[in-house]
Protein chains: 2
Amino acid sequence: MSLESAVGKMRGRGYKVTPQRVAVLGALAAEQHQSLEGIRARCPGVGMVTVYRTLDLLGSLGIVRRLDLGDGARYELAADHHHHMICESCGDISEFEECPLDSARIPTQNQGFEVRSHSVEVYGRCAACL
Amino acid sequence: MSLESAVGKMRGRGYKVTPQRVAVLGALAAEQHQSLEGIRARCPGVGMVTVYRTLDLLGSLGIVRRLDLGDGARYELAADHHHHMICESCGDISEFEECPLDSARIPTQNQGFEVRSHSVEVYGRCAACL
DNA sequence: CCCGTAGATGAAAACTTTTTTCATTGACAG
DNA sequence: CTGTCAATGAAAAAAGTTTTCATCTACGGG
Ligand SMILES: [Mn+2]
Ligand SMILES: [Mn+2]
Ligand SMILES: [Zn+2]
Ligand SMILES: [Zn+2]
């Protein structure tokens with residue numbers, strides 16, 4: 001999800017493209033999995049309320065995804081499907097693209113559950129901490 | 001994790017077995033995946049602070065697990081390894097035992113990451129909502 | 001049993017985080 | 001350019017969580 005397409009999506013839905021919204025997008029583009037505090041630090045001129053509202057808006061547009069990985073909320077630009085490896089020692093979050101789910105082993109058919117999405121998180125120790 | 005073994009674990013670690021702690025354990029045993037509000041409703045005589053502290057204690061003893069599935073925190077007695085299917089329409093959370101993860105496809109070896117645990121959540125529509 | 005004591009409880013206060021309110025500002029269509 | 005309505009942000013309110021501290025009680029030892 002490039003910033004240009006994100007801005008286009010906002011315009012297309014009739015939302016105004018303000019400097020504050022662009023600044024929050026820029027903060028999100030700078031690094032994945034930031035906390036609200038981290039995002040705020042990257043756009044000091046933007047009011048806290050506006051950051052909250054912008055994250056909500058971008059979330060409703062599917063541009064931003066919110067993660068709950070144990071320590072407070074984190075945000076990422078919704079790029080392609082991927083999963084997370086979280087180091088329980090240093091807190092580092094890394095991504096991997098290959099989906100380790102074996103769909104055949106998701107017991108949904110017999111229960112009549114229609115799968116729309118999934119998430120996988122792997123916890124452990126990263127190379128640096130070992 | 002039976003209530004008896006949970007109580008035994010508390011005693012063994014030198015924690016007192018108070019009526020409040022037993023009440024919170026009972027509330028947790030009544031239903032999996034409750035919110036704090038739900039737990040509190042099941043032990044009305046127990047002060048809010050004590051519920052918070054008891055959940056922390058039980059968490060540190062490995063008796064209780066905290067879940068973050070999008071809407072606030074939920075708690076469950078840490079039973080055997082299992083995963084969750086969440087209905088995005090009604091919010092219902094169901095469990096399944098069969099682990100759909102293909103360990104071979106977790107790209108950890110090449111990155112030197114040591115896996116200690118994982119979580120899998122499946123989102124979609126439950127049979128009742130379809 | 002009954003004490004003594006260290007750990008546990010809970011009301012109140014303090015903090016933290018998030019949402020609402022509302023007066024002012026500014027993006028952008030015409 | 002201009003007018004309008006969405007967007008912003010300071011302040012206040014609400015919601016959620018933790019700390020403080022006086023009081024209580026579980027339970028080991030006598
Ligand atoms: Mn990610
Ligand atoms: Mn469960
Ligand atoms: Zn690490
Ligand atoms: Zn449902």
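Each chain gets a letter, A, B and so on, in the order its sequence line appears, and its residues count up from 1.
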Donor on one side chain, acceptor on other, Arg42(A) and Gln34(A), under 3.5 Å: yes
Distance-only side-chain donor-acceptor flag, Glu121(A) / Ser119(B), under 3.5 Å: yes
Residue whose nearest DNA chain D nucleotide is more 5′ - Pro19(B) or Arg53(B): Arg53(B)
Test: Glu88(B) and Arg125(B) ion pair at under 4.0 Å: no
Salt bridge flag under 4.0 Å for residues Glu76(B) and Arg66(B): no
Rounded to whole angstroms, how far apart are [atom1] on [X] and [atom2] on [N]?
| X | N | atom1 | atom2 | result |
| --- | --- | --- | --- | --- |
| Met48(A) | dG9(D) | CE | P | 11 Å |
| Leu55(B) | dT17(D) | CG | P | 11 Å |
| Asp68(B) | dG16(D) | CG | C1' | 14 Å |
| Arg13(B) | dC27(D) | CZ | P | 17 Å |
| Glu37(B) | dA14(D) | CD | C1' | 15 Å |
| Arg21(B) | dT25(D) | CZ | P | 15 Å |
| Tyr52(A) | dT8(D) | OH | C1' | 16 Å |

Selection residues 78-100 of chain A - residue pairs positive for ring-ring contact (aromatic ring centres under 6.0 Å, His included), sequence neighbours left out: His33(A)-His84(A), His81(A)-His83(A), His81(A)-His118(A), His82(A)-His84(A), His83(A)-Phe96(A), His83(A)-His118(A)
Positions of residues 23-31 of chain B (non-hydrogen atom under 4.0 Å from DNA chain D), listed by number: none
Side-chain donor or acceptor of Arg21(B) paired with backbone N/O of Lys16(B) under 3.5 Å: yes
Shortest side-chain distance from Tyr15(A), nucleotide among dC27(D), dA26(D), dA7(D): dA7(D)
Residue met sooner reading DNA chain C from 5', once Thr18(B) and Val49(B) are mapped to nucleotides: Thr18(B)
Terminal axis angle for the helix from dC1(C)-dG30(D) to dG30(C)-dC1(D), five pairs an end, nearest 10 degrees: 40°
Side chain proximity check, Tyr52(A) to Met48(A), heavy atoms < 4.5 angstrom: yes
Fellow cluster residues of Leu67(B), listed by chain then number, with links counted only when side-chain atoms sit under 4.5 Å apart: Leu69(B), Ile86(B), Ile93(B), Tyr123(B)
With Val115(B) via side chain to side chain contact (heavy atoms under 4.5 Å, CB included) - residues at least two apart: Val122(A), Ile106(B), Thr108(B), Phe113(B)
Opening and closing nucleotides of DNA chain C in contact with chain A, under 4.0 Å to non-hydrogen atoms: dT17(C) to dC28(C)
Below 4.0 Å: OP1/OP2 of dG9(D) and any side-chain N or O of Gln20(A): yes
Lys9(B) and Ile63(B): CA distance, side-chain angles, deciding distance, side chain to side chain contact (heavy atoms under 4.5 Å, CB included) verdict: CA-CA 9 Å; Lys9(B) 196 175 265 185; Ile63(B) 295 168; 4.0 Å; yes
Approximate separation, where rounding is to 0.5 Å, of Cys87(A) SG and Arg116(B) CZ: 9.0 Å
